[in-house]
Each structure stands twice: as C-alpha cells, then as structure tokens.
Amino acid sequence: MNTSIFLILVGIVNVIYCLSFFMSLKVRENKSCPPDLRTFYVYPLVGVVIFIFFWSKANNIISNEFYTRINLISLLFHYGFLSNFIIKTLSPNLKRFSIIVFALCFIVLIAFIIPDIFHYTSVSFAVGNSGLCIMCMLYYYDIFQGEPKSFLPKDPAFWIISGVFVGMAVNIPFHIFGNYFYSNFSYSTHLFFSLISMFTYAVMHLFFVKSSLC
C-alpha cells in the first residue's frame, strides 16, 4: 500500500474521530442536555485512544499481539457502552426484553473473545457489531410501532443510533473475512482493508457529529 495514501486515510479518520470527541464535549455545555448525552464524549475519546494504538501498530511501535489484546478489551467497552445507550432510549415494555437480548449477545461475545486472545480471527468483532445491530433494530421497532415521541431529525439519539446501525452493518463483512485477508494477502493489503474497516467507524462518528448539532 502506498505510504502517502495510507497517511492520508489515517489523517482523515483521525480528524473525524477528534471532531466527534470535541463536538461531544461541546454538547456538555448545554445544561438541558440529557445525562446520557452529557457523558457520551467518553465513547469517541476511547475511539481516539484505540486509533493511536492502531497507528502505533501500523508503524511497528507496538506488536500486533499487544494491539489485538487492547482492541479486544475495547470491544467489550464498545458493545457495552453503545448497548447501554440504546437500552436507555427504549420504552419500559421493550427495555426488559432488550436487556435479555443484550445479556445473551454478551455471553456469545465473550465465548468468541476468549479464543481470539490466543488466535485472533476478528470474528468476535463481527459478533459484537451484530449484537449492536440487533439492539438498533429493537430501537427502530420501538419508535415506529407507534407515534415517535419526538421529531426524529431533531432527536440526537436517533442520529447516534442510526450511525451505530449503518457503521456496524457495513463493518461486519470486513471482520467476518478479516482472517482470510490476513492469510491470503500481503501485510500492506491487509492493512488497507483494516483501514477501510476503520472508516466504517468514522462514518458512525460523523453521525455522532450530526447528533451534536441537533
């Protein structure tokens, strides 16, 4: 992979992550902002930190094994934090069911993460992101089974959850076939696919930016 192209792609993703973080911080200044949105800045902040680890791995500053372990730990945060945000937006009737779905997906996720620690396949990320897509579909079912509680284009939660759904749905195939890319292509090609996968997270963060403008 051409070094200049790689640096440009890395720079774009990094700018989007940082923009998401700073816009989330700006939302905190609004005293009428719901508590969940006031603390949402934590998620993009962790994204920036993980991206720094990715950049370090790409430049051989840290080992691939160390990055893998950090990334798997972040997956638990990624799934737990966003699922918790979605659950809190649901109506009481659906909230109990969503907690059961979350717990079942979490157990399956742990079952995939444990072997990935020793022999990384990236499938655990496909599992975690699939779980988030399910949670998002519960949200859509909740808001569209009756009259929406708010004007959706002005609802920050709608944009955040839509970003999660779009980003994770597009991202899943990259993680399912991640091990194939790693085994059958050069390291630079594998790195390119990893960046494209990371771009799906950047798209999600663009939705987060939009939510902060509501």
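Remember, predicted model here, so these are calculated numbers, not experimental data. Quick note: residue numbers are just sequence positions, from 1. For the numbers below, each heavy atom of this structure counts, side chains included, while hydrogens, waters and symmetry mates do not.
In this structure, Y43 OH and F85 CZ are separated by 12.0 Å, a value rounded to the nearest 0.5 Å. Of the inter-residue distances, the one linking N93 atom CG with D142 atom CG reads 8.5 Å to the nearest 0.5 angstrom. For the atom pair OG1 (T89) and CD1 (I160), the distance works out to 10.0 Å, reported to the nearest 0.5 Å. Put simply, OG on S83 and NE2 on H78 are 8.5 Å apart, with the number rounded to the nearest 0.5 Å. Note that CZ of F97 and CZ of F102 are 14.5 Å apart. Values are rounded to the nearest 0.5 Å. From I99, atom CD1 reaches atom CE of M135 across 8.5 Å, with rounding to the nearest 0.5 Å.
The closest side-chain donor-acceptor pair between Y139 and S98, if any, does not fall under 3.5 angstrom.
Aromatic ring orientation, F125 versus H175: parallel (interplanar angle below 30°, classes split at 30° and 60°). Below 30°, between 30° and 60°, or above 60°: for F51 and Y17 the angle between ring planes is between 30° and 60°, a tilted geometry.
In this structure, A169 and C133 approach most closely via the heavy-atom pair N-SG, 3.7 Å. Pairing each heavy atom of T39 with each of D36, the nearest pair is OG1-O, 3.3 Å.
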Note to self: Does Y201 form a side chain to side chain contact (heavy atoms under 4.5 Å, CB included) with N129? I'd like the steps, not just the answer.
What the structure shows: CA-CA 11 Å; Y201 289 94; N129 292 342; 3.3 Å; yes
